Q: 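Shown below is the structure under consideration.
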Amino acid sequence: MYTLHGMTGSGNCYKPALLMTQLGIAFRWIEVDLLQGATRTPAFLALNPNGKVPLLELPDGRRLAESNAMLCYLAEGTPLLPADRYARAKVFEWLFFEQYSHEPFIATVRFWVHYLNEAESRRERIAEAMPRGYAALGVMEQQLAHTPFLTGADYTIADIALYAYTHVAHQGGYRLDDYPAIRAWLQRVAQQPGYVAMELRA
Ligand SMILES: N[C@@H](CCC(=O)N[C@@H](CS)C(=O)NCC(=O)O)C(=O)O
């Protein structure tokens, strides 16, 4: 059985949980409260020297860090990660985009505002980050105005990776009013077979 170490409410942790649920892969969840420093204990650092969740333990005991690496590993051989070389590279394109151009601005602002309640003290950093978050949303909007999913006609792990923080972007203060294609896509993703909502922390 797989074991996923994660924090409830973390989009990065939700990604592999959503995928495994959709693929019917059984897993157990171990809650790691990073707000209490649980990712920095010697025991956790022995599992992931980078001190971050999610951390996936495979049934044979091997471990995997990095949410998007988990998506690739778990989706191998399924339609959610196409075998065709170009189609696959297009999925990777969105996974790398998510980590470099989207998550650092959308997830980070949400973390400051929603989890740390530091909207006021981080006002300047938020003001710097938000235009870059909106730029990432603009790139998604442009694509989704033309295709139902990010890489085209089919739902893939690219959609899971980008859905995770886009659907809770409002918790960081982002508004999606000007992004109708993204809003329609969020609904489309939530209608996929086996979809489960992200558990949110109060
Ligand atoms: N690139 C990593 C990012 C993981 C990450 O930033 N995890 C955060 C929670 S969402 C974390 O564990 N932070 C705790 C820490 O840095 O101590 C991934 O996609 O898995």
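Here the structure is a predicted model, which is why all the values come from computation and not from measurement. For ligands, and for the atoms within them, numbers begin at 1 and follow the listed sequence.
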Q: On the 0 to 90° scale, with breaks at 30° and 60°, tag the Y14-Y195 ring pair as parallel, tilted or perpendicular.
A: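 Perpendicular, since the angle between the ring planes exceeds 60°.
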Q: Are D159 and Q192 linked by a side-chain donor-acceptor pair shorter than 3.5 Å?
A: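 No, no side-chain donor-acceptor pair sits under 3.5 Å.
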Q: Are Y155 and Q22 close enough that a side-chain donor and a side-chain acceptor fall under 3.5 Å?
A: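 Yes - a donor-acceptor pair under 3.5 Å links their side chains.
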Q: Under a 4.0 Å heavy-atom cut-off, what residues line ligand 1?
A: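 Within 4.0 Å of ligand 1, protein side: S10, N12, L34, T39, R40, G51, K52, V53, P54, E66, S67, Q99, Y165.
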Q: Picking from I157, T151, D154, V91, what satisfies side chain to side chain contact (heavy atoms under 4.5 Å, CB included) with P82?
A: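 Result: among I157, T151, D154, V91, V91 is the only option passing the side chain to side chain contact (heavy atoms under 4.5 Å, CB included) with P82.
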Q: Any idea how Y163 and H167 line up, ring-wise: parallel (<30°), tilted (30 to 60°), or perpendicular (>60°)?
A: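 If you compare the ring of Y163 with that of H167, the planes turn out parallel.
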Q: Side-chain atoms of residues 45-57: list all donor-acceptor pairs with protein atoms under 3.5 Å, sequence neighbours left out, distances to 0.1 Å.
A:
unit_1 : atom_1 : unit_2 : atom_2 : d
N48    : OD1    : N50    : N      : 3.0
N48    : ND2    : K52    : O      : 2.7
E57    : OE2    : H5     : NE2    : 2.6

